[in-house]
Engineer: 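Attaching a single structure in structure tokens format; questions to follow.
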Amino acid sequence: MTTFLATDTDGINRAAQHIQAGECVAVPTETVYGLAGDAFNEAAVRKIFSIKGRPLIDPLIVHFDNLSKIGRLAKLNEAQTNALQLVADAFWPGPLTVVVPKQATVPDLVTANRDSVAIRCPKHPAMRRLIATSARFLAAPSANPFGYISPTTAQHVADSLGERCPYILDGGPCEAGLESTIIDLRDPLQPRLLRPGPIGIEQLSQVLNRPILPAHSAADNKDVSLAPGQLERHYSPQKPLTLYKTGNLPTQADLNSATVYLARPKQTQTSKFTYWLSEKGDPREVAQNLFGLLRALDEERSVEAIHCELPNAGGLADAIRDRLIRASKR
Ligand code: TXA
Ligand code: MG
């Protein structure tokens with residue numbers, strides 16, 4: 001049975017006790033729900049991989065609450081420290097993950113034997129209270145079965161992980177709806193984007209005062225070792241998903257297809273299965289609603305295929321495009 005925990009003091013305390021006992025707890029964050037366990041407890045970390053069905057070669061992000069504890073996680077030279085300080089001042093707590101050289105004591109299981117570790121200070125108040133109350137560093141991937149769409153509500157976690165996930169801390173729907181931006185700061189002179197997300201490449205470039213090397217695109221990145229987890233196919237619904245340039249959606253889609261617009265269409269040919277992600281096409285609202293709608297359509301019995309508009313590149317749309325393109329790969 002899965003137990004839902006509220007984010008009041010009692011719920012946080014119980015979640016913290018489960019973490020300290022080496023159990024996994026699904027947790028709300030400002031991006032998507034995570035499946036958390038004590039990063040320094042190998043048995044707990046093993047459970048995370050097994051609940052998700054995730055291969056052990058795909059490393060996890062470690063969540064913590066305060067840069068003063070960085071020494072437990074990372075081993076940084078002066079240039080790396082300065083670069084991390086800049087992005088932390090600008091974006092933490094928040095939806096940014098940073099890859100840095102790891103401290104030897106971080107379990108190799110967490111980092112899939114890499115000499116780097118991905119770290120993030122999340123913003124969601126319930127997640128922060130859980131980190132503080134449990135007094136642990138929390139390893140947490142998104143709380144979905146490996147390769148499926150990330151969860152943005154507690155119910156999504158229960159729907160797709162079921163009884164495999166014993167506890168879910170219910171902190172309401174996620175604010176961003178897309179996973180954090182990941183930047184590699186191992187070489188601070190040549191920072192590289194590993195995953196586009198809520199923090200844009202332009203913002204990072206401004207704060208670090210240098211160009212950011214772009215992420216390997218969804219199309220060209222077949223080598224998993226370049227950016228582990230950034231698999232070509234990921235975040236995928238079971239039903240076929242076809243993408244169209246803005247404005248190019250087929251108006252007369254066949255009866256068993258769902259048609260997803262970014263904004264509410266002007267002349268609404270309201271077939272039963274017409275949807276839009278945001279009334280005005282606001283990218284933040286599109287991001288918030290995207291994964292939830294894809295999940296709902298995947299479950300809707302009378303829908304056999306999904307046609308969806310792809311936003312034009314730029315800003316948050318880069319992250320939306322990245323997830324949609326990966327989701328559409330067969
Ligand atoms: O928003 C998020 O980042 C959510 C919430 C729960 O924090 N977490 C998340 O975790 O999306 P996950 O495991 O689904 O995606 C993390 C990505 C994976 O693609 C993984 O391969 C990559 O980060 N990653 C982790 N450690 C890495 C490292 N040392 N070097 C390069 N990539 C790494
Ligand atoms: Mg994930």
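In each ligand, atom 1 is the first atom listed, and ligand 1 is the first ligand listed.
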Engineer: One residue to check: I182. Relative to ligand 1, which of side chain, backbone, both or neither has a non-hydrogen atom less than 4.0 Å away?
Structural biologist: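 Answer for I182: side chain.
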Engineer: Tell me whether the count of non-hydrogen atoms from other residues, nucleotides or ligands lying under 6.0 Å of CZ in R192 goes above 12.
Structural biologist: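 Yes, enclosed.
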Engineer: Quick check: does any side chain N or O of E304 sit under 3.5 Å from a backbone N or O of N256, one acting as donor and the other as acceptor?
Structural biologist: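 The answer is no, because no donor-acceptor pair under 3.5 Å joins these two groups.
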Engineer: Using non-hydrogen atoms of the residue, decide whether K102 is closer than 4.0 angstrom to ligand 1.
Structural biologist: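 Judged by the 4.0 Å heavy-atom criterion, K102 does not count as contacting ligand 1.
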Engineer: Can you tell me which portion of L194 lies within the under-4.0 Å heavy-atom range of ligand 1? Options are side chain, backbone, both, or neither.
Structural biologist: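 Within the 4.0 Å criterion, L194 contacts ligand 1 through side-chain atoms alone.
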Engineer: Please could you name the atoms of ligand 1 that G34 approaches to less than 4.0 Å, counting only its heavy atoms?
Structural biologist: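 Result: 6 (C).
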Engineer: Need the ligand 1 atom indices (1-based, order shown) with element for anything under 4.0 Å from a heavy-atom of A118.
Structural biologist: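 Every atom of ligand 1 under 4.0 Å from some heavy atom of A118: 25 (C), 26 (N), 27 (C), 29 (N).
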Engineer: So, E179 and R323, do they make that salt bridge, N to O below 4.0 Å?
Structural biologist: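 Yes, this pair counts.
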Engineer: Please compare P101, P151, A176, S142 and report which has the shortest non-hydrogen distance to atom 10 (O) of ligand 1.
Structural biologist: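 Nearest option to atom 10 (O) of ligand 1, by heavy atoms: S142.
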Engineer: Taking it one step at a time, do K239 and E300 satisfy salt bridge (Lys or Arg N to Asp or Glu O under 4.0 Å)?
Structural biologist: CA-CA 10 Å; K239 294 175 186 166; E300 171 60 58; over 6 Å; no
Engineer: Regarding S142, does it place an N, O or S atom less than 2.8 Å from the Mg ion (ligand 2)?
Structural biologist: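 Short answer: yes, at least one N, O or S atom is under the cut-off.
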Engineer: Determine whether T29 and R120 satisfy the following criterion, side-chain hydrogen bond (donor to acceptor under 3.5 Å, both in side chains), listing intermediate values before the conclusion.
Structural biologist: CA-CA 11 Å; T29 83; R120 165 162 120 81; 3.1 Å; yes
Engineer: Applying the side chain to side chain contact (heavy atoms under 4.5 Å, CB included) test to T81, which of L67, L76, I70 qualifies?
Structural biologist: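 Exactly one pass, corresponding to L76.
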Engineer: Residue-level breakdown please: for R120 versus ligand 1, do any non-hydrogen atoms fall below 4.0 Å on the side chain, on the backbone, on both, or on neither?
Structural biologist: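 R120 to ligand 1: side-chain contact only, backbone stays beyond 4.0 Å.
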Engineer: Which is closest to atom 29 (N) of ligand 1 by heavy-atom distance: S180, P28, A140, S116?
Structural biologist: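 That would be S116.
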Engineer: Please report the C-alpha distance between D184 and R186 in whole Å, then the side-chain angles of each, then the deciding distance to 0.1 Å, and finally whether the salt bridge (Lys or Arg N to Asp or Glu O under 4.0 Å) criterion is met.
Structural biologist: CA-CA 6 Å; D184 184 352; R186 285 174 303 167; 2.7 Å; yes
Engineer: Tell me which one of P59, A36, P95, C174 gets a heavy atom nearest to atom 24 (N) of ligand 1.
Structural biologist: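 Heavy atom nearest to atom 24 (N) of ligand 1 belongs to P59.
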Engineer: Which of the numbered atoms in ligand 1 are below 4.0 angstrom from a heavy atom of P141?
Structural biologist: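 Those atoms are 10 (O), 12 (P), 13 (O).
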Engineer: Verify, without hydrogens or angle tests, whether T246 (side chain) and L310 (backbone) share a donor-acceptor contact under 3.5 angstrom.
Structural biologist: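 Yes.
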Engineer: Do D58 and ligand 1 have an N or O pair less than 3.5 Å apart?
Structural biologist: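 There is such a contact, yes.
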Engineer: To check you understand the geometry: which heavy-atom pair defines the closest contact between F273 and S257, and what is its length?
Structural biologist: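 Between these two residues, the closest heavy atoms are CB-O, 3.6 Å.
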Engineer: Mark up the atoms of ligand 1 that fall under 4.0 Å of a heavy atom belonging to I61, in ascending order.
Structural biologist: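 Listed by number with element: 3 (O), 8 (N), 9 (C), 10 (O), 16 (C).
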Engineer: Which one holds for R54 and ligand 1: side chain close, backbone close, both close, or neither close, with close meaning a heavy atom under 4.0 Å?
Structural biologist: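 The answer is the side chain.
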Engineer: Could you tell me which non-hydrogen atom of S180 sits nearest to which non-hydrogen atom of T97, and how far apart they are?
Structural biologist: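 Of all heavy-atom pairs spanning S180 and T97, the closest is OG-OG1, 2.8 Å.
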Engineer: If the cut-off is 4.0 Å to any non-hydrogen atom of T31, which atoms of ligand 1 fall inside it?
Structural biologist: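 Those atoms are 1 (O), 2 (C), 4 (C), 5 (C).
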Engineer: Would E179 count as a polar contact of ligand 1, with the cut-off being nitrogen or oxygen pairs under 3.5 Å?
Structural biologist: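 No, since none of the N or O atoms of E179 sits under 3.5 Å from an N or O of ligand 1.
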Engineer: Please report the closest heavy-atom contact between W92 and L96, naming both atoms and the distance.
Structural biologist: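 In terms of heavy atoms, the two residues are closest at NE1-O, 2.8 Å.
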Engineer: So, regarding K52 and ligand 1 (criterion: nitrogen or oxygen to nitrogen or oxygen, under 3.5 Å), is there a contact or not?
Structural biologist: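 It does not: no N or O of K52 is found under 3.5 Å from an N or O of ligand 1.
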